[in-house]
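Notes for the one structure printed next.
For the numbers below, each heavy atom of this structure counts, side chains included, while hydrogens, waters and symmetry mates do not.
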Amino acid sequence: MEYLDATYYDNSIRQWLIALAAVLLVTIGLGIVRHWVMARFGKLAARTGTTWDDLLIDFLRRTKGLFLLIVGLYAGTLFLALDERVRGLSRGVLFIAVIIQAGLWASTAIRFRLEDYRKRRLKDDPSGVMTMAAIGFIAQIVLWVIVLLLVLDNAGVEVTPLIASLGVGGIAVALAVQNILGDLFASLSIVLDKPFVIGDFLIINDFLGSVEYIGLKTTRLRSLSGEQIVFSNADLLSSRIRNYGRMFERRVVFSVGVTYGTPKEKLERIPRIIRELVEAQPKTRFDRSHFKEYGDSSLNFETVYYVLAPEYNTYMDIQQAINLGIYERFGAEGLDFAFPTRTLHIVQEETEEAGELAAPRPELPASAFRAPRP
């Protein structure tokens, strides 16, 4: 088998075959091990309550076949006599592949952590979920910037001048996309400051709805009538926002009027009647009820109480019960509800002599109204 000793590029055919066998063995072997571990632990990870085994499976899924091939090729070069420049190139390619694969694994870990946190805390802490999502987005950007710089540095590119040029170019890009950046920073402000979270009910100018989605550029509300309302984050933060999701209790003010001529004793009983009706309702705290003012056509009483729950339907149920109670009690007490009325007083003129009516004006003859003939 003398032909195996023939030399090509400073290596015999035997060495080339050994190197090829090493490439195939390492590449195929690593692929088999990856597939075996995924098949072995995939079903086990689905049955366990821990997360580390799920993360391991995700790591294996994100391990690229090209990376395994590069590792196999580098293993094959170890059996060859290569020029130092070629060997340095092979080490550089392997290093770049390792950096990129490590970036994929780190990105997988970040996404896995965010998804796990979202599943566990979405109902209890939606604002924390938004914060973690923003932090994860920033972490992904920082991660891949670092990976890019390491790859360029290993490829022989001067990183320091590149960073300086990117700084100057970044200013120009920032001026060109300042609206997008404004929405992006507004999104980070929403996430970190938490003026509202997903699920809060907001009133913004003439628009109202529940927060459905908070993105990097827009925030979306679902209105009461069903349509989706989209705000840019920058415009949203520059508006006056009324957040009913942060309401813990609701202050209620209402008035009721009775007719003029109601006896003083009955007027004094009205605040007590209303107080009894308010305190009879669950989830309420009575504040005050007073005879407030003399209206144009009614004697007005003002009442203030608190509903110890933020839900609007709860407030309306309580107010309805109070209104029905007032209607029933006022009817039993003989109190009349006021409505707009107008009284007209007619005064008859008298003469200077007491008790005498003004003398009638003398009647003119009918001829006085007759037009003269021409």
Side-chain angles (χ1 to χ4, degrees), residues 121-130 190 193-212 214 221-225 236 239-340:
R121 303 298 300 275
L122 181 60
K123 292 183 178 179
D124 299 332
D125 187 16
S127 61
V129 172
M130 291 191 304
I190 291 172
D193 192 47
K194 301 183 184 67
F196 53 83
V197 296
I198 295 175
D200 283 353
F201 187 86
L202 308 181
I203 295 181
I204 305 158
N205 299 327
D206 296 331
F207 302 97
L208 65 163
S210 298
V211 179
E212 190 175 59
I214 300 175
L221 274 63
R222 182 68 61 181
S223 73
L224 294 177
S225 54
L236 189 62
S239 303
R240 300 295 182 267
I241 301 174
R242 299 174 65 184
N243 188 352
Y244 283 85
R246 305 288 172 85
M247 178 187 289
F248 301 104
E249 59 182 21
R250 184 184 297 267
R251 184 176 185 266
V252 182
V253 181
F254 72 94
S255 298
V256 62
V258 296
T259 57
Y260 277 92
T262 302
K264 177 176 177 295
E265 295 77 12
K266 292 186 176 181
L267 293 178
E268 292 176 344
R269 287 202 298 271
I270 291 176
R272 186 170 62 253
I273 292 172
I274 297 178
R275 178 169 188 163
E276 292 172 357
L277 293 172
V278 172
E279 292 179 343
Q281 303 302 317
K283 298 182 180 180
T284 58
R285 184 176 74 251
F286 179 81
D287 186 22
R288 62 178 178 84
S289 182
H290 294 96
F291 178 14
K292 179 184 179 183
E293 62 185 359
Y294 293 91
D296 293 337
S297 57
S298 62
L299 304 175
N300 296 327
F301 288 78
E302 184 179 76
T303 302
V304 179
Y305 71 95
Y306 290 87
V307 178
L308 306 180
E311 292 81 9
Y312 186 79
N313 286 346
T314 302
Y315 150 64
M316 286 304 299
D317 291 340
I318 292 173
Q319 186 62 50
Q320 175 179 256
I322 293 172
N323 289 339
L324 293 174
I326 290 174
Y327 187 86
E328 180 181 0
R329 292 290 299 274
F330 277 27
E333 295 285 342
L335 294 166
D336 295 327
F337 291 99
F339 54 88

Inset, instruction - Check the angle between the aromatic planes of Phe301 and Phe291 and answer parallel, tilted or perpendicular using the 30° and 60° thresholds. - result: parallel

Legend entry - Pairs satisfying salt bridge (charged side-chain N to carboxylate O under 4.0 Å, His left out), at least one member in residues 308-328, at least two apart: none

Inset, instruction - Can you measure from NZ (Lys292) to CG (Leu299) and round to the nearest 0.5 angstrom? - result: 14.0 Å

Legend entry - Contact check, side chains of Val256 and Ile274, non-hydrogen atoms, under 4.5 Å: yes

Legend entry - Residue pair Glu249, Lys283: steps toward the salt bridge (charged side-chain N to carboxylate O under 4.0 Å, His left out) verdict: CA-CA 9 Å; Glu249 59 182 21; Lys283 298 182 180 180; over 6 Å; no

Inset, instruction - Enter the distance from Ser210:OG to Leu202:CG here, rounded to the nearest 0.5 Å. - result: 8.0 Å

Inset, instruction - Compare every heavy atom of Pro340 with every heavy atom of Ser297, then report the nearest pair and how far apart it is. - result: OG-CA, 3.4 Å

Legend entry - Cationic N near anionic O, under 4.0 Å, Glu265 to Arg269: no

Legend entry - N/O donor-acceptor pair under 3.5 Å between Lys266 side chain and Leu335 backbone: no

Legend entry - Asn243 vs Pro195 side-chain heavy atoms within contact, under 4.5 Å: no

Inset, instruction - Quick one: pull up CD1 in Ile214 and CG in Leu236 and give me the separation to the nearest 0.5 Å. - result: 8.5 Å

Legend entry - Nearest-0.5 Å distance, CD1 of residue Ile273 to CD of residue Glu333: 4.5 Å

Inset, instruction - For Glu293 and Glu302, run side-chain contact (heavy atoms from CB on, under 4.5 Å): C-alpha distance rounded to whole Å, both residues' side-chain angles, the deciding distance at 0.1 Å, then the answer. - result: CA-CA 9 Å; Glu293 62 185 359; Glu302 184 179 76; over 6 Å; no

Legend entry - Stepwise side-chain contact (heavy atoms from CB on, under 4.5 Å) test for Phe196 and Leu221: CA-CA 12 Å; Phe196 53 83; Leu221 274 63; over 6 Å; no

Legend entry - Minimum side-chain heavy-atom gap Phe330-Ile270 below 4.5 Å: yes

Inset, instruction - Determine whether Val211 and Val197 make a side-chain contact, defined as any pair of heavy atoms from C-beta on separated by less than 4.5 Å. - result: no

Legend entry - Contact summary for Asn300 and Gly257, nearest pair of heavy atoms: OD1-CA, 3.8 Å

Legend entry - Reference residue Tyr306; test side chain to side chain contact (heavy atoms under 4.5 Å, CB included); the match among Thr284, Asp287, Val278: Asp287

Inset, instruction - Evaluate the side-chain proximity of Ile322 to Thr303: yes if any heavy-atom separation is below 4.5 Å, no if none is. - result: no

Legend entry - Over 12 non-hydrogen atoms of neighbours within 6.0 angstrom of CZ in Phe337: yes

Legend entry - Value rounded to 0.5 Å, distance of OG in Ser239 from CD1 in Ile203: 13.5 Å

Inset, instruction - Would you mind telling me which of Gln319, Arg251, Arg250, Glu279 makes a side-chain hydrogen bond (donor to acceptor under 3.5 Å, both in side chains) with Tyr305? - result: Gln319

Inset, instruction - Please indicate whether Tyr260 has more than 12 foreign heavy atoms, meaning atoms of other residues, nucleotides or ligands, lying under 6.0 Å from its OH. - result: yes

Legend entry - Closest heavy-atom pair and its distance - Ser289, Pro271: O-CB, 3.5 Å

Legend entry - Distance (rounded to the nearest 0.5 Å) between Asp200 CG and Ile241 CD1: 10.5 Å

